[in-house]
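Below: the structure, in structure tokens.
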Amino acid sequence: MFGLQSECMLHVPEQYHTLSDYEGAQPRWCPSCGDHAVLTAVQKVCREKQLPPEKTVFVSGIGCSSRFPHYMRTYGFHGLHGRPFPVAEGIKFRRPDLDVFVATGDGDCCSIGAGHWIHAIRYNMNMTVMLLDNEIYGLTKMQTSPTSRKGTISNTHPHGSILPPINPLVTTLGVANVSFVAQTVDWNPAHVFSTLMAAHAHPGFSFVRILQRCPHFSPNLYSDEISNPDLTVLLTHENGIEAIPEVQKMYKNSVEHDPADINQARELAQREDLVPIGLFYCNPEQEQYDKYGASNIGFSPQQKSDALNVELDKYAV
Amino acid sequence: MFGLQSECMLHVPEQYHTLSDYEGAQPRWCPSCGDHAVLTAVQKVCREKQLPPEKTVFVSGIGCSSRFPHYMRTYGFHGLHGRPFPVAEGIKFRRPDLDVFVATGDGDCCSIGAGHWIHAIRYNMNMTVMLLDNEIYGLTKMQTSPTSRKGTISNTHPHGSILPPINPLVTTLGVANVSFVAQTVDWNPAHVFSTLMAAHAHPGFSFVRILQRCPHFSPNLYSDEISNPDLTVLLTHENGIEAIPEVQKMYKNSVEHDPADINQARELAQREDLVPIGLFYCNPEQEQYDKYGASNIGFSPQQKSDALNVELDKYAV
Amino acid sequence: MLKGNSDELAAPENVSSGEEKTGIKVMPVEECIVEIVSDAGEGAQKAGQSFGSVSAKMGNGVWTVEIIPAEVQPPARSRAGASGIRIRFGSDKVTNMGDEADLVVAFNEQVLYGRIDQKAYREGTIILIESKWKESKVPEIQEEYALAMQEFKQYGFDVREIRMEEECLKFVENPSKGKNMWVLGMLCSIYARDIEKAEAQIRHTFRRKSKKIIESNLLLLNAGYNWASKNLNLRFQILSEAESVSKVVMNGNEAVGMGVMAAGIEVCSMYPITPATSVTHYLSEVFEKSGGLVHQAEDEIAAIGFAIGASYAGKTAVTVTSGPGMALKTEFIGLATMAEVPLVIVNVQRGGPSTGLPTKVEQGDLLSAIFGQPGDTPTVVLAPATIEECYHFVILSRQLAEAFRMPVIMLTDANLATGVQPFTRPEINLDSFSPPIDQSPWKKEIRPYEWDEKTGLSQRPIPGQSDGMYVLTGLAHDEESHVAYDSHINQLGCNRRSRKMAAIFKTLSPPTVNGDEKGDLLVVGWGSTLGAIEEAVNKARQMGGSVSSLHLRFLSPIEPGLEKIFKRFKKVMTVEINYGDEENDPLITSENRRRSQLSWFLRAHTLTDVDFLAHIHGQPMRPGFILQRLKKELGL
Amino acid sequence: MLKGNSDELAAPENVSSGEEKTGIKVMPVEECIVEIVSDAGEGAQKAGQSFGSVSAKMGNGVWTVEIIPAEVQPPARSRAGASGIRIRFGSDKVTNMGDEADLVVAFNEQVLYGRIDQKAYREGTIILIESKWKESKVPEIQEEYALAMQEFKQYGFDVREIRMEEECLKFVENPSKGKNMWVLGMLCSIYARDIEKAEAQIRHTFRRKSKKIIESNLLLLNAGYNWASKNLNLRFQILSEAESVSKVVMNGNEAVGMGVMAAGIEVCSMYPITPATSVTHYLSEVFEKSGGLVHQAEDEIAAIGFAIGASYAGKTAVTVTSGPGMALKTEFIGLATMAEVPLVIVNVQRGGPSTGLPTKVEQGDLLSAIFGQPGDTPTVVLAPATIEECYHFVILSRQLAEAFRMPVIMLTDANLATGVQPFTRPEINLDSFSPPIDQSPWKKEIRPYEWDEKTGLSQRPIPGQSDGMYVLTGLAHDEESHVAYDSHINQLGCNRRSRKMAAIFKTLSPPTVNGDEKGDLLVVGWGSTLGAIEEAVNKARQMGGSVSSLHLRFLSPIEPGLEKIFKRFKKVMTVEINYGDEENDPLITSENRRRSQLSWFLRAHTLTDVDFLAHIHGQPMRPGFILQRLKKELGL
Ligand SMILES: Cc1ncc(C[n+]2csc(CCOP(=O)(O)OP(=O)(O)O)c2C)c(N)n1
Ligand SMILES: Cc1ncc(C[n+]2csc(CCOP(=O)(O)OP(=O)(O)O)c2C)c(N)n1
Ligand code: SF4
Ligand code: SF4
Ligand SMILES: [Mg+2]
Ligand SMILES: [Mg+2]
């Protein structure tokens, strides 16, 4: 039964992958949903980096955004609401050869998944995380999310929500061992692309919050930001997200911010007047739990047997 | 069956409560466990404030520290591991007349309870929270906790733990709507007392991390800090924890810190060279979810019946 | 009655019966099943709900059920995207959605295929279909449409192609917005509905919209009515006896929501999950006015913890969820049982296992509700069988929870959740609004779990009561609520909690048998299948079959007398929306056959060889499906 | 053999049998039950474990079980604080902890009361008690001690007061540290244990301690031995046949841990919970060396999610937990079943419901393991009955999980977890170390759930395999793993997952009956009660009772042939550590009686009126307790 070929370092056939190699099922999101743009950017990142589809895994929870894996032609794990992180960690733990992406929603990550989110930041395993934050529950039809602004009218708060929203960036920046925090917006595909390129290149848990439009339930949520680029502030730095001329031209407001400076990162992330996009924090030196996971893989049956025999000896009568 | 006396604003008999009025069962903690000192301080706070025992509820999860409610003579709810916050919130929601305390451990709050913890901060309901942080799992006999320092030898990490610890203060300070964050140490009962006095006085979610000795499993954990007061830095401010001469005399290192300044609070909380004690952050203006909860209590049966009739009318054929 | 702003529009006279002016013969019928199917967002449901309400107001029995696609926005013109509504209405009470539809209005042909896959139609079903696709600019669409028309005719449907949008365009600029109202008008003409009632209904439905929108909808309603009166040779009449009792009409989730208010519950703690969430959408809107609040928690664990906290503090509480949420509440349900905290848990069941079929019906949570807990955890489980019972059982659940100091699980399902049916307007009992809270001093000598030896009952102190202080715990505990691991104390505690079940059992009476008290076959059901089962059984009886049925509302403790009743029948079988291996499946023997949940449960309870008819099609049980099996069993 | 650093210490000669030099008669006995009880932290367990190991090494059958107080540090000298160990050993194999002890060493009299409450002793039990309390400076202690001595004598115990600490003080400064080793020496003298083996054992136990500590322990061991040889007229001899097979000795949790390694599992994902955690303590220490790792997750949900992720990625995984943790894993178990992810779940059962009795034994998670999931969730549930099986069943569980692509739940309990027993050293099979991973290209035309129609089996692609890409989902899905809500697809998927159970069933053979194949009474058990049940049944048979027993290892699917076997007995009853209403409890009738879990399950399965003997004392089943009931049933 277990006589299969054993470890996982097989050569992948050399072959150039085109965009369509990464295209899975036809997306079922609403036509002008912000998720489409992110999907396209991700497929471009995959092609740019020529990720082998069979060595790439997209993990998600439940939600509109969590349908993401189905629309990629890679391996995918569309699991339980709120639980993408533990699954992604388990996948990565003993498989350093796999590229792991997580697609999650604001409910999935910040509400039911909050505990796992905090711990995933701390585990700092090498994976790219996209929080598709539309500030609402999409799939279940418009309930308040922890990132919904105070006063949001939703089906669970028809008279307006009560609490100020969680700021996923500030929260992430407050967790020990945090190693990469960025923000981008679905309506600027070039910036989404370069942000995800940087996130993927970072060795560790790369957390990218993507402001994502849900025209179906919140048609006007980001319309000010979209129509007026001055409401956005671009974070620039030589160690930040790669500068793209078209993006730089678009946003007059920019701040030079060293992503090594966590204190300034927190202050910037806290801003409520403008939407900062770019890299808030990056520290490639943090402890990586996936390195621990990969520390003793590939033992031969004989090695395992020997170790077990040593143990049995200890308990021999 | 439901013919009982109705709302909960009954007068409590005027009577002076002595310390022993707050003493419940004989504590079963190890003799030199740090929890004892906290228990005593809490009983003193209750007496100082003359809290009516029948209007006071101690809520906890599971762990050595979570045995706390049994040792008080008030109402208590010793619930499930990791879940003290939702229970405490439910208790407070429609009972503004009750004084709610939460006793939780580093495993209970920061590991299995992490999601509820984040959300409890955001709900900002008026309650006093004591995180008894011994950096270990006590009750289950010495496993690594999220606050265990990297390299900690425990039963689950006999070769040393892998990750840097969660800093509960920094994490709490990263959550939206945070309103009160303080730290104290079990070996300075006077400071524990005044910290808890301030926490209780604060209208909102008062989070107090208490460094707590577990001599049974980590005999030397805080011995440096205990023998050398210079490893502690006292946060002082007119809006901070009340100044106690004996405490001020003890700690040479002190920093003037305005608890309204969240940026400095985060920087101080992040310090790893010294243990800062005192008030990091306080903002009594944050949104309180318990105020929402109390907004429509005490409707008479007639009022309820009328409202229901209006509804039935809407659906009448 | 609004005439519309066009002179062309003359309101038709009210149709009474017999021959119409137009010379079309009016067919009197006892009942009808009508569907409107469209792409999502085309308003079919709104039209159908209005049609159902009007019919109810005209004194008909009505059952409406929504046809919901799985995705928020499935692709247009796709089988999977079929969205819409079915309305079954008749002279008598209607208890279920029935079998095949008699008439369907379709906005495109592809969604019709989706319904055909579901076996929603029969030979002769009248199909009124939008015909604009015939001239579509996309050649594939033209082809698809043409092919479909051919096939539909081959299937034996009575197809009528109608230029609906074109007709609407005569009155409005964007016909895609109001076509549903035009269709409503058309149906009102076909089924001789009182047009004034329809107008009133539109005014109510759109009460929050602008006057302009209301006017334009009324215009289209009348246009549809007039068009059909002139151009369709279809006219049916469903008589109804004028009823004297006043009624309300709503779906099961609204009924649960109203039941929560009627039960005097103050806290509804939830986390969104389909198909349960709409209970709380409804409550979020109105609960505040009756002195309650909805709490949206961060997850299902927090939701039940919050409700338990509220209940501990003397505030009546409910938590509402569905399968995956129930799974997460497992540990806290155990605590509520162990520490004896009253709590109402509503589980609107959906298809499982796991995330399964979020929008579809199943009865698959029965055994997990009863046995889902580690350790011995006696729990009350009950299930309403009608929309009316959805309302009343919440009140009952609260009463049981309070009186017996334990959690009560109420199981409904997606069929009840979205089904709409009129029922007698409930009388309000002021007593049920009394809070359980009692802040008068506690008698010091009474212990917090002073279990009555016979019934296991005890009185509970509530924070605020002086001298009642105790520390609740989920650990094994004695009558003082002190943690105690002694053998006899653990045995005692478990015993007392179990004894409460015997005490509840004593209050129950045996279920009534529908049909003869003995015979060849007894059909046993629970929950939303009541109407379909009784309809099938009654038909089989009319055909001479010796069959009766029995419907359970209490599953745990189960209702008394079953073994005796079962003995009077040659065969007993359950009907369930559940999985069970088929007898003739490969490898399956009577020994290893995995039986559907209720049948399995009844075997243990009665030692009777209970068989079953079960499917997990994600669809309500249809009377015809049951009847087919009954005929086989009875040799009819 | 160390002589000690004092000249006074002369090592006693090795005792053989018959008359000793001292003139004390050596009593040959077939078996003995010995206890050492003390306050927590006094080392009773270490002494007892060493004693058990020495006995095993001398060829005796052995069962040791720890006596654990509920709190980390209960108050000294308290009933609730009784901490210690029981060692049952004999010439033959010993399968359970037995009934009353023959001899007990007690460090104070209060902990003895704790054990007396548990009915651990009988008239005539020899009590060797520390007598220093007689001269305590605290008058209350003096009184308590004196009173106890009186009472103990009244109870008929054979009490011997011994100044243990005083004796130790002759050799060491702080006697409280090494008294346990002195006691071990004393017991070695009484039971004629090979002192060299005891010395070797001490060297092993303290191998990580300083030489000084080892020496002082050896000194005390010999001192105790010598003192007893000179001063006690107690000498027993337990013969044993020299066994040829090599053996290992360990507790059930260590056996599970070793089984994990032997199964070729690579990832053990857990969250601490008593009494399961020690499995992972053991693994954390040694797993790395055999190419595996323990992951301590943030909670039980994450622990199982992590394991499922690892398994999805082709790494064999196990998650280990107990009742409350199982409750939290409910939703993810459903996902693993639905999406067919192999996974081993070990549940070391403790007392429930809720947080319940964390350190105590119960078998209360049987029905929740089988039926705990919302929706239809076929799950394999199996249960080892001995410590040896704890090892082998992990291997079996992995094989089943992989072969049938589903989660396998293995239920052990606190009795197996802490019980220590020697068993035949397992042979290592290199095959079981092969990883399931196969990175060769997947055949493009094979679908990820290409279910075999008959068995429901399918092959799974693993990330890394080119052309195997698919998206796993917990939603209803077709063979491509595409989300699909169609009626027939849901029916098909559920059916295929169910069919795997029939396929497993076909591989099982009927259980063997212990005793005659037919008779008056059949006792059915499962899990850790095997030894006690067979001991009681065999005794009853010796007394002429017509009784047999049968022990289930597979609970789901259940082993074949039960109905046939049951039919051959006049009465069938289960023996379980579970709750069930007593027949003569108030309000209880045969109709509303809540039956213990296995008996209930067997009723549904066999339609036999299965009775039960059940308790939830938090204690292992004792053979005497069972025998008593058998006698009643059989009229003996
Ligand atoms: C345990 C559980 N609880 C609740 C649900 C219902 N549910 C599905 S998606 C969702 C929230 C989706 O919101 P978000 O994560 O923001 O994703 P979006 O749809 O907005 O992309 C909820 C509550 C579920 N499937 N499982
Ligand atoms: C659901 C669940 N998981 C695990 C446990 C076991 N458990 C009890 S307390 C505890 C951790 C205690 O650590 P901490 O919260 O730091 O409290 P301490 O004992 O150190 O005060 C654990 C894992 C449990 N009771 N319930
Ligand atoms: S509902 Fe919102 S988030 Fe979901 S697919 Fe539509 S637009 Fe996107
Ligand atoms: S184990 Fe540690 S935390 Fe627990 S009671 Fe003892 S000293 Fe305190
Ligand atoms: Mg969202
Ligand atoms: Mg701790």
Side-chain angles (χ1 to χ4, degrees), chain B residues 1-8 10 12-13 24-25 52-55 57-59 69-70 72-80 83 85-95 97-98 115-116 118-119 292-293 295-299 301-305 307-312 315-317, chain C residues 56-57 246-250 254 258 261-262 264 266-267 269 286 288-291 293 295 297-299 301-302 305-310 312-315 331-332 335 399 402-403 422 425 428 430-440 463-466 468-474 482-483:
Chain B
M1 173 167 56
F2 302 129
L4 304 172
Q5 198 169 329
S6 104
E7 276 307 321
C8 38
L10 249 211
V12 168
E54 65 274 33
K55 290 277 198 180
V57 188
F58 278 79
V59 182
H70 290 282
M72 295 294 302
R73 188 137 83 207
T74 62
Y75 280 90
F77 194 114
H78 175 214
L80 296 181
R83 320 295 171 192
F85 293 121
V87 170
E89 291 153 12
I91 291 172
K92 186 71 190 171
F93 193 50
R94 307 283 285 174
R95 291 293 305 269
D97 58 317
L98 297 180
H116 308 307
I118 300 301
H119 284 272
Y292 170 65
S295 63
N296 69 342
I297 51 176
F299 278 34
Q302 193 56 51
Q303 274 174 297
K304 295 184 180 185
S305 166
L308 179 57
N309 259 321
V310 169
E311 279 309 300
L312 287 168
Y315 288 81
V317 169
Chain C
K57 285 181 179 149
S246 56
K247 291 205 165 183
V248 286
V249 59
M250 63 187 76
E254 289 162 335
M258 250 182 246
M261 291 194 278
E266 250 186 65
V267 175
S269 178
V286 304
E288 286 185 26
K289 299 194 194 98
S290 72
L293 284 179
H295 168 61
E298 61 269 31
D299 62 20
I301 298 177
F306 192 99
I308 288 174
Y312 168 81
K315 297 294 176 175
E331 193 190 8
F332 253 128
L335 178 73
Q399 286 170 339
E402 290 281 336
R425 183 180 173 127
I428 296 177
L430 282 187
D431 275 358
S432 60
F433 297 118
S434 315
I437 212 163
D438 178 3
Q439 298 251 316
S440 54
Q465 282 185 287
S466 46
M469 284 90 75
Y470 75 109
V471 181
L472 178 147
T473 180
H482 292 160
V483 175

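Model, not experiment: these values are computed from the prediction. Each chain gets a letter, A, B and so on, in the order its sequence line appears, and its residues count up from 1.
In terms of heavy-atom proximity, B:I91 sits nearest to C:G309 at CG1-O, 3.2 Å. Here the closest heavy-atom approach between residue C:L430 and residue B:P301 is recorded as CD2-O, 3.6 Å. Closest approach of C:V471 and B:P69 over heavy atoms only: CG2-O, 3.4 Å. Closest non-hydrogen pair, B:R94 versus C:G291, comes out as NH2-O, 2.6 Å.
Interface remark: B:Y292 contributes backbone and side-chain atoms alike to the contact with chain C (heavy atom separation under 4.5 Å). Using a 4.5 Å cut-off between heavy atoms, C:Y470 touches chain B through backbone and side chain atoms alike. The contact between C:H295 and chain B is made by backbone and side chain atoms together, counting heavy-atom distances below 4.5 Å. For C:A307, no part lies under 4.5 angstrom from a heavy atom of chain B. Heavy atoms closer than 4.5 Å to chain B are found in the side chain of C:I428, but not in its backbone. Both the backbone and the side chain of C:V249 come within contact range of chain B, with heavy atoms under 4.5 Å apart. Only the side chain of B:L98 comes within contact range of chain C, with heavy atoms under 4.5 Å apart.
In terms of non-hydrogen atom pairs under 4.5 Å with chain B, the most contact-rich of C:G474, C:A262, C:S290 is C:S290. Most heavy-atom pairs under 4.5 Å with chain B: of the set C:G468, C:G264, C:A297, this distinction falls to C:G468. In terms of heavy-atom pairs under 4.5 angstrom with chain B, the leader among C:D299, C:V483, C:V286 is C:V286. Per-residue heavy-atom pair counts under 4.5 Å with chain C were compared for B:A88, B:G293, B:A316, and the maximum is reached by B:A316. Options B:S305, B:G24, B:A307 differ in how many heavy-atom pairs under 4.5 Å they form with chain C, and the most are formed by B:S305. With chain B as the partner, the residue from C:K289, C:E288, C:E331, C:E298 showing the most heavy-atom pairs under 4.5 Å is C:E298. Contact tally against chain C (heavy-atom pairs below 4.5 Å) for B:V59, B:V87, B:N296, B:I118: the top residue is B:N296.
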Notebook entry, point to check: Please walk me through it: do C:F332 and B:R83 pass side chain to side chain contact (heavy atoms under 4.5 Å, CB included)?
Noted result: CA-CA 9 Å; C:F332 253 128; B:R83 320 295 171 192; 3.5 Å; yes
Check: Should C:R425 and B:N309 be marked as a side chain to side chain contact (heavy atoms under 4.5 Å, CB included) after you check the CA-CA gap, both sets of side-chain angles, and the distance that decides it?
Finding: CA-CA 10 Å; C:R425 183 180 173 127; B:N309 259 321; 2.9 Å; yes
Item checked: Verdict with reasoning, B:L308 to C:F433, per side chain to side chain contact (heavy atoms under 4.5 Å, CB included) -> CA-CA 11 Å; B:L308 179 57; C:F433 297 118; 4.1 Å; yes
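B:R95 places no side-chain N or O within 3.5 Å of a backbone atom of C:G314 that could act as its donor or acceptor partner. A donor-acceptor pair is defined here as one N or O able to donate and one able to accept, closer than 3.5 Å; such a pair exists between the side chain of B:Y75 and the backbone of C:Q465.
With rounding to the nearest 0.5 Å, the separation of NE2 in B:H70 from CG in C:L472 is 9.0 Å.
Checking each of C:M250, C:E254, C:M261 against B:E311 for a side chain to side chain contact (heavy atoms under 4.5 Å, CB included) leaves exactly one that passes, namely C:M261.
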